[in-house]
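I have placed the structure first, in the form of structure tokens, so that the comments after it can refer back to it.
All figures in this text were calculated on a predicted structure; none of them were measured in a lab. The sequence lines fix the lettering, A, B, ..., with proteins before strands; numbering per chain opens at 1.
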2 protein chains.
Amino acid sequence: MATELFTFLARYMTLTDEEKRVIIDLDIFHSFKKGTILLHEGECSEASYFVMKGCIRCYYMIDGEEKTTAFYTESESHSPQCVITKEPSKYVVSCVEDSILTVTTASMEQESFEKFPRFQTLCRLLSEDLLVKNQATLDDFKISSPEARYLNLLRSRPDLVQRVPQHQLASYLGITPQSLSRIRKRIMDEEKSAVKA
Amino acid sequence: MATELFTFLARYMTLTDEEKRVIIDLDIFHSFKKGTILLHEGECSEASYFVMKGCIRCYYMIDGEEKTTAFYTESESHSPQCVITKEPSKYVVSCVEDSILTVTTASMEQESFEKFPRFQTLCRLLSEDLLVKNQATLDDFKISSPEARYLNLLRSRPDLVQRVPQHQLASYLGITPQSLSRIRKRIMDEEKSAVKA
DNA sequence: TGCATTTCTTAACAAAAGGTAACGTTTTTG
DNA sequence: CAAAAACGTTACCTTTTGTTAAGAAATGCA
């Protein structure tokens, strides 16, 4: 069951069987139905998530509209802002699909650091990696047009374009659903002309 | 001399005099002239930076144009992508002003972790914090218009708008210098009307 | 100081994105 | 199963941004 998690962690360090056992014994694997809200706006939860299977989404409610800013799918993890800052969450986290997630808290982390100091190294490496990825995404956002960002997403996360509603993808790309629809049409038309020529 | 650094680190943990001494003995404080390039495109440096005084900038060279994506000023730090990924850097890091920086390498970090395990906790906390800040910046980018982003920057980093060339600020905001110029004019005009009314 | 470069602004036009609304389709759900 | 809600696309018009170009202002350097 925990294969996805241990394969992921192996990117950073090889865990002993004992260490794996400690993780499994934490009883952190949980199933959630599509639409389940994991974190409400204003809530100050302690839970962080790792996606074993499924997809979770972060969105802000702005003037009654959902503004989606992040998706996490298989082998991706997310520590909500409020877990780090201890302030009420500005955004909502919900399940886009039926999902199996690991749910961990800061205190569980702390305990595991004391039992196995290497876990802290693991967390540091993971955190540094996520920061670099996030920075690269932000950079890309600044230097690319909406169309370029969509094309880039098609290359880098083709599954996402399939499994997620278009209007959620749109705000994830920083545009309106109508704009995304136009961009898709534009690309299709250009492909058609390209094939002809 | 190291006051700025220790004030910053105190946000995360109180260091003992001995620990501070270890840091000072690393001899990590260096001065750089305005325009100095700290990291070239394609280079695979090991150095991370903390700004004691001055300002450094990250930019990509795209079609012969500089696309600025980040500024770091007093008490901000930056680990270039290449330090984490060990791959050639896709961007340049240079000094916008004469600057005093701390320059540290992964191996220096490693050594300090061994002498003082608490340093690793410090780095983990710092990294988690940076990730949350970066995520918030990215979210804000997705849900805000260029004008809203500029107004937001005026509030959150008013110094930056003063000390940095407009055309560098523009790409930092994800727009062209001409667009930024128009936005500034628009805001000025609106302020004038507001005062009249 | 004076010349060259860089920087900032403005203008005019083209391209793209936002807002509003309508319409057909799909998905939920009672 | 049928009504309701949600979703994706298209159209029209407005607003904003990109592009190209030019000129004024500031800056750097010899």
Side-chain angles (χ1 to χ4, degrees), chain A residues 33-37 55 57 59 61-68 71 92 94-98 141-154 160-193, chain B residues 33-36 55 57 59 61-68 71 94-98 141-154 160-193:
Chain A
K33 283 276 163 204
K34 173 176 177 176
T36 305
I37 295 199
C55 177
R57 168 175 77 106
Y59 63 92
M61 289 301 301
I62 312 274
D63 300 330
E65 291 215 333
E66 295 180 0
K67 299 284 185 182
T68 298
F71 295 102
V92 179
S94 82
C95 296
V96 175
E97 311 168 347
D98 290 352
F141 224 85
K142 288 178 178 176
I143 64 184
S144 306
S145 66
E147 177 167 337
R149 291 202 291 269
Y150 176 66
L151 289 169
N152 190 33
L153 188 70
L154 277 179
L160 210 57
V161 182
Q162 297 306 319
R163 67 204 278 194
V164 150
Q166 297 297 312
H167 69 279
Q168 290 176 10
L169 258 192
S171 60
Y172 179 71
L173 291 168
I175 57 179
T176 60
Q178 294 89 328
S179 254
L180 177 55
S181 202
R182 272 189 302 246
I183 287 170
R184 285 157 62 88
K185 186 189 169 79
R186 205 186 306 153
I187 290 169
M188 291 250 296
D189 290 355
E190 278 164 16
E191 267 178 11
K192 235 181 275 175
S193 324
Chain B
K33 283 279 163 201
K34 175 177 176 174
T36 305
C55 177
R57 169 175 76 107
Y59 63 91
M61 288 303 300
I62 312 274
D63 300 331
E65 290 215 333
E66 295 181 359
K67 299 284 184 180
T68 299
F71 294 102
S94 82
C95 296
V96 175
E97 311 169 348
D98 289 353
F141 224 85
K142 287 178 177 175
I143 64 184
S144 306
S145 67
E147 177 167 337
R149 292 202 290 269
Y150 176 67
L151 289 170
N152 190 33
L153 188 71
L154 277 178
L160 210 58
V161 183
Q162 297 305 319
R163 66 205 281 194
V164 152
Q166 296 298 314
H167 70 281
Q168 290 177 9
L169 259 191
S171 59
Y172 179 70
L173 291 167
I175 56 178
T176 60
Q178 294 88 330
S179 249
L180 178 54
S181 203
R182 273 189 300 238
I183 288 171
R184 284 156 63 87
K185 185 189 171 78
R186 203 153 62 210
I187 290 169
M188 293 249 295
D189 290 354
E190 278 165 15
E191 267 177 10
K192 235 181 272 175
S193 323

Quiz item: Do A:V164 and A:Y172 have side chains that get closer than 4.5 Å, going by heavy atoms?
Solution: no
Exercise. Verify side chain to side chain contact (heavy atoms under 4.5 Å, CB included) between A:Y150 and A:I175, making sure each step is shown before the conclusion.
Key: CA-CA 10 Å; A:Y150 176 66; A:I175 57 179; over 6 Å; no
Quiz item: Does a side-chain heavy-atom distance below 4.5 Å link B:C95 with B:T36?
Solution: yes
Practice problem: Please test A:L169 against A:L153 for side chain to side chain contact (heavy atoms under 4.5 Å, CB included), starting from the C-alpha separation and ending with a verdict. | Solution: CA-CA 10 Å; A:L169 258 192; A:L153 188 70; 3.5 Å; yes
Quiz item: What is the bend of the helix from C:dT1-D:dA30 to C:dG30-D:dC1 when you compare the axis at one end with the axis at the other, using five pairs each and rounding to 10°?
Solution: 60°
Exercise. Write down the distance between CZ (B:R184) and C1' (D:dT17), rounded to a whole number of angstrom.
Key: 17 Å
Self-check item: Flag if over 12 foreign heavy atoms under 6.0 Å of NZ, A:K142
Solution: yes
Quiz item: Can you tell me how far C1' of C:dT9 sits from CE of B:M188, to the nearest Å?
Solution: 11 Å
Exercise. Grab the CG-P distance between B:L173 and C:dC8 for me, whole Å please.
Key: 13 Å
Quiz item: How many Å lie between OH on B:Y150 and P on C:dC8, as a whole number?
Solution: 11 Å
Quiz item: Within 45° of the six-membered ring axis of A:F141 and under 6.0 Å from that ring's centre, is NZ or CZ of A:R149 located there?
Solution: yes
Quiz item: Can you name the one residue among B:K34, B:K33, B:R163 that meets side chain to side chain donor-acceptor pair (under 3.5 Å) with B:E97?
Solution: B:R163
Practice problem: Determine which pairs satisfy salt bridge (Lys or Arg N to Asp or Glu O under 4.0 Å) with at least one residue from residues 167-182 of chain A, sequence neighbours left out, and list them in order. | Solution: none
Quiz prompt | Close residues, residues 161-169 of chain B, relative to DNA chain D [heavy-atom separation under 4.0 Å] | solution = none
Quiz item: Is the shortest heavy-atom distance from the side chain of A:R184 to the side chain of A:S181 under 4.5 Å?
Solution: no
Exercise. Just jot down the side chain to side chain contact (heavy atoms under 4.5 Å, CB included) partners of A:R186, sequence neighbours excluded, or say none.
Key: A:E147, A:I183, A:E190
Practice problem: Assign a letter to each nucleotide of nucleotides 17-30 of chain C from its 5' end: B, base within under 4.0 Å of a protein heavy atom; S, sugar-phosphate only; -, no contact. | Solution: BBBBB------S--
Quiz item: Can you list the residues that meet the side chain to side chain contact (heavy atoms under 4.5 Å, CB included) rule with B:E66, with sequence neighbours excluded?
Solution: B:R57, B:Y59, B:M61
Quiz item: To the nearest angstrom, how far is B:D63 atom CG from D:dT20 atom P?
Solution: 11 Å
